[in-house]
Amino acid sequence: MSTVLPRSDFLRIASERGFVHQCTDMAALDEKLRAGPLAAYVGYDCTADSLHVGHLISIMLLRLWQNTGNRPVVLLGGGTTRIGDPSFRDESRPLLTDAQIEANKRGIRGVFEQFLAFGDSGPGAIEVDNASWLDELRYIPLLREVGVHFSVNRMLTLDSVKQRLEREHSLTFLEFNYMILQSYDFRELNRRHGVAVQMGGSDQWGNIVMGADLIRRMDGAEAFGLTVPLLTTASGQKMGKTASGAVWLNADRLAPFGYWQFWRNTEDPDVGKFLRLFTDLPMAEIARLEVLQGAELNAAKAVLATEATALLHGRAAAEEAAKAASGDSAAGLPVIVVPEIADGIAAFALVQRAFGLASNAEARRQIRGGGVRLNDAPVTDEALVIGAASLAEDGAARLSLGRKRQVLVRAA
RNA sequence: GGAGGGGUGCCCGAGUGGUUAAAGGGGACGGACUGUAAAUCCGUUGGCGCACGCCUACGUUGGUUCAAAUCCAACCCCCUCCA
């Protein structure tokens with residue numbers, strides 16, 4: 001939008017690395033940032049027990065925010081998850097129980113420690129849960145204090161709900177309140193922690209703008225919104241799907257090897273973009289990598305995979321995954337223990353177990369389709385009994401499904 | 001509350017008594033080709049130790065029938081319009 005280049009470290013780097021989609025007032029925010037450190041927050045609802053790559057771009061933005069001297073605030077939506085954000089969704093989210101939400105919250109919080117430095121002083125990151133204030137709200141006071149600042153006319157025009165209405169799907173009053181509570185969060189964080197900026201995905205634009213407005217109306221304070229682009233792959237797919245579903249950030253949902261593979265399989269035109277967003281590599285280095293042509297670009301993908309994996313799972317795990325992928329070592333492959341292999345187990349049953357397939361039938365299909373290899377030899381007979389003879393001296397057999405999924409199976 | 005429309009497999013959507021595990025499309029997965037990319041082409045896409053057979057499935061429950069996603073009843077849910 002603006003032809004004037006930002007002069008604050010944060011906005012300058014965020015812009016050149018491709019993080020900025022929309023900003024409520026780029027010039028004013030730039031000015032503020034140059035005057036001194038600020039606090040910004042991103043909210044994450046506890047809808048699953050792990051975040052996934054779709055969340056990663058905002059986490060990387062918080063990281064950049066901190067690295068440029070500002071304080072990141074991680075908001076876990078223990079309260080708002082009980083509502084369910086309707087933005088750009090056709091149907092209501094399933095209502096989660098409080099116990100599920102609590103469990104999800106526990107699963108999610110760990111990942112931030114990989115990317116941010118927590119602490120009370122200076123730019124130290126802090127974590128808050130909006131349940132701590134939302135739970136205490138009383139209805140009539142809330143309506144009188146906050147509700148008066150919202151125009152239903154305006155809320156109905158937001159893109160985030162328009163499609164739902166136009167397609168004649170039900171939008172419940174429960175869900176319609178989501179944006180009010182998110183706005184309230186922003187105001188609350190502004191009061192409690194001086195948070196002046198809310199960042200988030202582009203789908204959050206409407207909710208964020210409403211919050212900034214609320215702060216201005218209620219407290220006369222200045223607040224900013226900044227959104228990151230919604231990432232799609234070059235071929236137009238929503239990013240973050242892989243062979244076995246979402247690309248989870250928690251290792252118990254997706255092992256480092258699988259995470260590495262996800263990045264390794266980046267489409268050619270996306271390599272530069274992803275290097276800028278998801279690694280800390282200097283721009284000059286990225287410029288060198290992204291111009292590689294044809295098969296040489298694979299080297300850049302390997303760098304992307306290793307760097308991105310190192311940020312999440314640590315350098316050692318990333319190196320192991322890289323080695324496993326190149327075939328140099330099996331150390332980085334996920335290990336699955338299948339005791340029955342000692343006595344012999346049918347190929348389809350082994351495949352089902354090793355890759356967590358939905359059914360034996362699916363495993364059979366994969367074998368029939370020629371997608372399964374055992375120690376690099378194709379498995380063609382779905383009923384083939386696989387036993388101890390297939391295990392190498394180290395007691396493991398290498399089982400592959402397609403080109404991208406590999407595990408080591410052991411008897412114990 | 002009233003009137004009308006609708007609920008089909010991961011999604012969209014056809015199907016108004018048997019030949020329907022349910023057309024078609026999308027997505028997904030596998031294969032071929034490649035560079036572990038894209039594009040293209042081919043295959044698969046309910047379960048069961050699975051050629052046979054059995055079981056489960058078209059909002060829910062019950063009924064009619066030799067036979068139901070298809071007919072009937074009640075109920076649940078969604079949409080539109082009207083007070």
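Residue numbers begin at 1 in each chain, while the letters A, B, ... track the order of the sequences.
- As rounded to the nearest Å, B:U61 and B:C77 have P atoms that lie 16 Å from one another.
- The side chain of A:A383 approaches B:G49 more closely than any other nucleotide in the set B:G49, B:G35, B:U36.
- Each of A:N265 and A:S359 was matched to the nucleotide of RNA chain B holding its nearest heavy atom; the match closer to the 5' end belongs to A:N265.
- In this structure, the nucleotide among B:U44, B:C29, B:U36 sitting nearest to the side chain of A:R365 is B:U44.
- Of the candidates B:C29, B:G35, B:U36, the closest approach to any side-chain atom of A:R405 belongs to B:C29.
- Looking only at atom types and distance, the side chain of A:N207 has no donor-acceptor partner in the side chain of A:Q198 under 3.5 Å away.
- Remark: the A:D203 side chain and the A:S87 side chain contain no N/O donor-acceptor pair separated by less than 3.5 Å.
- Taking CG from A:L297 and CG from A:L292, the interatomic distance works out to 6.0 Å, rounded to the nearest 0.5 Å.
- For the C1' atom pair drawn from B:C54 and B:A32, the interatomic distance equals 36 Å after rounding to whole Å.
- Using a 4.0 Å heavy-atom criterion, one finds that A:A325 contacts the bases of the nucleic acid, with or without backbone contacts as well.
- Of the candidates B:G30, B:G47, B:A37, B:G30 carries the atom nearest the A:Q366 side chain, counting heavy atoms from C-beta on.
- A:Q261 comes within 4.0 angstrom of a nucleotide base, judged by non-hydrogen atoms across all strands.
- Comparing B:G27 with B:A74, their P atoms sit 43 Å apart, to the nearest whole Å.
- A salt bridge is absent between A:D129 and A:R109: the closest approach of a Lys/Arg side-chain nitrogen to an acidic carboxylate oxygen does not fall below 4.0 angstrom.
- Among B:A38, B:U34, B:G49, the nucleotide with an atom closest to any side-chain atom of A:A346 is B:G49.
- As judged by a 4.0 angstrom heavy-atom cut-off over every strand, A:G294 is placed among the base-contacting residues.
- Judged by distance alone with a 3.5 Å cut-off, no donor-acceptor contact links the side chain of A:N360 to the base of B:G47.
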